Amino acid sequence: MTKIHKTLVVGAGIGGLTCALALAKRGMLVTVCEQAACFSEVGAGLQIGPNAMHVLRALGLEEDLKPLAYTPNFASIRHYKTGEYYLKTPLGCAIEKKYGAPYWHLHRADLHAILVQACEAAGVEILLNAQVKSYQEDAGGQGVMLYLENGWEIAADLVVASDGVKSSIRQQMLGMDKSTFMGQVAWRGLIPVESLPSIKIQADASVWAGPGRHFVSYYVRGGQYINFVAVEERNAWHSESWREEGDVNVLRQAFAGWHPEVTELLKCVKSTFLWSLNGRSELPFWHKGPVVLLGDACHPMLPFMAQGAAMAIEDAYILAEYVSGATSAESLEQALQAYEQHRKPRTSKVQAMSKANAGLFHMHGGVLGLCKLKALKQVSHFVPSVVENKLDFVYGYNAIQQDL
C-alpha cells in the first residue's frame, strides 16, 4: 500500500455522504454502499447549528442549501400549559455573528438530496440495494474486502461504517449486541403551514416541557412546513421497526390539555411516524484495522440537544482530514487512532448533555423538576454567561480550524 486511495462508505445517510464528499474532495476514490433500493423523504426536520454549518460551508454546500433553509429567531423552553418561557436565547443574526456561521432548520431530505448531488459531481459512486453482509481484513494488513448480500465483493483500503445505531459493521467488529431502549418513544411529522389555523406559531426552535413528555416544533423548507417531534416516556417498546406508522389519535391524546400552540398544531396532523429512542454505552474502540465507525454507528444519542446529525457531520470532516494523508497501513492506523482520540471526548460529552436534557424537559422530580426549570429561567436572565458557556462548547466548535 503506497497511499490510501479507495474507500468504501457503508450507509448513505447524512454522515456517510458527508464523509464520502469530504474524502472525494481530497482526491480519494469513494464508493458508498446503501441498503435501500431508492432514496425517499424519510425523516423530517434537522437543526443544523454553526458547528455543522462550518463543515457544510467548507464542502461548498451553503449556497445550494440556503433557499431550502429556515433561520429561527430564538431557541426556547416553555411550560407545557401556560407557555411561560424558562429559556429564550437568540439565534438568527446573533448566533451567526458570535460563531461565524448560521443556525438553520432543514428538511432532512433536502440536505440529503444536495449531498447526493455534490457526491456525484465529485465522482463518488453510490450503490443502492447494496446491503453489507460482512467484511474481511487482508491477511497482510493491506486492505479490506466488503461482502454484499447480492454476492458482490468489493476491495478497498478503508471501510467507513456509517450505517446507524444497528450497524452490522460494528457488530462484526465488537460482537453481537443490542442497543438499549432509553425509555422514550417519539412521534415525528410535518405540517404544511397553509393548513394551519389562525393561531400564531412562534418562528423559534421551541421545546414545550411537561411531565414525562415534551414537544418540539420548528419551521423547515423556508417556512413552508412545521416539523414536530413529540416525545413520551414509556416503560417498554416491543416493535422491531425503527419507523412505523403512528396513531394520530393516540398522539393527540398524549398531549391533550397542553398549550393551544401544541394542541392546534396536532389537530392538523394527518400522519405521523413513531419509533423508539435507543442508545448504547460508550464503545471501547471505534476502529479495528482499516475499518472505522462514524456517527450513530459509534455514538448514538438522544435528540435532546439536536446534535445527532451535527456530530456525524463533524466526524466526517475530521476523519477525512486524518486519513487523507495516510500512505501506509501503519500511518492509516495512526490516523484512525487520532480520529477516535479527537472525537470521542466531544461526542461522549454531547451524549451526556442530551441525556440530561431529558430530565429537564420532562420535569423529573415533580415539584423539584419544575424548580429546576424556574432556576434555569433565573440563571439565563441574571447570569446568561452560564447558559452561553454551555452553548459555546457545542456551537463554538469549528472542525475546519482544528489543529490536527
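Heads up: numbering here begins at 1 and tracks the sequence. Everything numeric here is computed off the predicted structure, so don't read it as measured data.
Panel note: side chain Tyr147, backbone Ile154; no donor-acceptor pair is recorded below 3.5 Å. At distances below 3.5 Å, not a single donor-acceptor pair connects side-chain atoms of Glu125 with backbone N or O atoms of Val32. A donor-acceptor contact shorter than 3.5 Å is absent between the side chain of His362 and the backbone of His364. Counting only distance, with no hydrogens or angles, the side chain of Ser167 and the backbone of Asp163 share no donor-acceptor pair below 3.5 Å. In this structure, Asp315 contributes its side chain and Gly295 its backbone to a donor-acceptor pair below 3.5 Å. Formation of a donor-acceptor pair under 3.5 Å by the Glu233 side chain with backbone atoms of Gln184 is not found in this model. Between the side chain of Thr272 and the main chain of Arg188, a donor-acceptor pair closer than 3.5 Å is present. At distances below 3.5 Å, not a single donor-acceptor pair connects side-chain atoms of Gln402 with backbone N or O atoms of Leu404. At distances below 3.5 Å, not a single donor-acceptor pair connects side-chain atoms of Asp296 with backbone N or O atoms of Gly164. Between the side chain of Arg213 and the backbone N or O of Ala254 there is at least one donor-acceptor pair closer than 3.5 Å.
To the nearest 0.5 angstrom, Arg26 atom CZ is 9.0 Å from Leu21 atom CG. Atom-to-atom distance recorded for Ser206:OG and Asn73:CG is 10.0 Å, nearest 0.5 angstrom.
A donor-acceptor contact closer than 3.5 angstrom links the side chains of Glu314 and Asn51.
Under the 6.0 Å distance and 45° angle rule, Arg78 counts as a cation-pi partner of Tyr85. A cation-pi contact links Arg346 to Tyr397, judged by a cut-off of 6.0 Å to the six-membered ring centre and 45° from its axis.
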Side chain to side chain contact (heavy atoms under 4.5 Å, CB included) assessment of Arg170 paired with Leu283: CA-CA 10 Å; Arg170 185 197 60 249; Leu283 301 180; 3.8 Å; yes
Start with the C-alpha distance between Glu282 and Ser348, add both sets of side-chain angles, then the distance that settles side chain to side chain donor-acceptor pair (under 3.5 Å), and finish with yes or no. CA-CA 7 Å; Glu282 183 176 306; Ser348 294; 2.8 Å; yes
Under the side chain to side chain contact (heavy atoms under 4.5 Å, CB included) rule, what do Val160 and Val10 come out as? Steps first, then yes or no, please. CA-CA 6 Å; Val160 178; Val10 180; over 6 Å; no
Report the C-alpha distance between Leu174 and Phe285 in whole Å, list the side-chain angles of each, state the deciding distance to 0.1 Å, and finish with yes or no for side chain to side chain contact (heavy atoms under 4.5 Å, CB included). CA-CA 9 Å; Leu174 292 164; Phe285 51 85; 3.1 Å; yes
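For Gln253, the CD atom sits in a loose shell: 12 or fewer heavy atoms of surrounding residues, nucleotides or ligands are nearer than 6.0 Å. Around atom CD of Glu153, more than 12 heavy atoms belonging to other residues, nucleotides or ligands sit under 6.0 Å away. Within a 6.0 Å sphere centred on OH of Tyr225, other residues, nucleotides and ligands contribute 12 heavy atoms or fewer.
Looking only at side-chain heavy atoms (C-beta outward), Leu23 and Val323 come within less than 4.5 Å of each other. Counting heavy atoms from C-beta on, the side chains of Tyr339 and Ile318 come closer than 4.5 Å. Contact annotation: the side chain of Val229 never approaches that of Trp187 to less than 4.5 Å [non-hydrogen atoms, C-beta and beyond].
Listed by chain and number, the residues in a ring pair (Phe, Tyr, Trp, His ring centres under 6.0 Å) with Tyr80 are Trp258 (sequence neighbours excluded). Applying the ring pair (Phe, Tyr, Trp, His ring centres under 6.0 Å) rule to His79 yields no partners; only residues at least two apart in sequence or on another chain are considered. With sequence neighbours excluded, no residue forms a ring pair (Phe, Tyr, Trp, His ring centres under 6.0 Å) with Phe74. The ring pair (Phe, Tyr, Trp, His ring centres under 6.0 Å) check on His112 picks up Phe39, with sequence neighbours excluded. Residues that satisfy the salt bridge (charged side-chain N to carboxylate O under 4.0 Å, His left out) test with Glu264, not counting sequence neighbours, are Lys267. Judged as a side chain to side chain donor-acceptor pair (under 3.5 Å), and not counting sequence neighbours, the contacts of Glu333 are His287. Taking Arg252 as the reference, nothing meets the salt bridge (charged side-chain N to carboxylate O under 4.0 Å, His left out) condition, with sequence neighbours excluded. Every residue two or more places apart in sequence or in another chain that forms a salt bridge (charged side-chain N to carboxylate O under 4.0 Å, His left out) with Glu340 is listed here: Lys344. The side chain to side chain donor-acceptor pair (under 3.5 Å) check on Glu62 picks up Arg57, with sequence neighbours excluded. Take Asp392 and apply the salt bridge (charged side-chain N to carboxylate O under 4.0 Å, His left out) test, not counting sequence neighbours, and it matches Lys98.
Applying the ring pair (Phe, Tyr, Trp, His ring centres under 6.0 Å) definition to pairs two or more places apart or across chains, those involving residues 293-312 are His214-Phe304, Trp286-His299. Among pairs with a residue in residues 80-96, those fulfilling salt bridge (Lys or Arg N to Asp or Glu O under 4.0 Å) read Glu84-Lys374, Glu84-Lys377, at least two apart in sequence or across chains.
Counting all heavy atoms, side chain and backbone alike, Val9 lies closest to Gly16 at CG1-O, 3.6 Å. Between Pro90 and Ile95, the shortest heavy-atom distance links the atoms O-CB, 4.3 Å. Nearest approach of Val350 to Gln307, heavy atoms of both residues: CG1-CB, 3.8 Å. Residues Pro303 and Leu277 share a closest heavy-atom pair of CD-CD1, 4.0 Å. The nearest pair of heavy atoms linking Asn398 to Ile400 is OD1-N, 3.0 Å. Here the shortest heavy-atom pairing between Ala69 and Trp104 reads CB-CD2, 3.4 Å.
Checked against the 6.0 Å centroid threshold, Tyr103 and Tyr395 count as a close aromatic pair.
Ion pairing between Glu137 and Lys288 fails under the 4.0 Å rule for side-chain N and carboxylate O. We find that Lys6 and Asp157 are not joined by a salt bridge, their nearest charged nitrogen and carboxylate oxygen being 4.0 Å or further apart.
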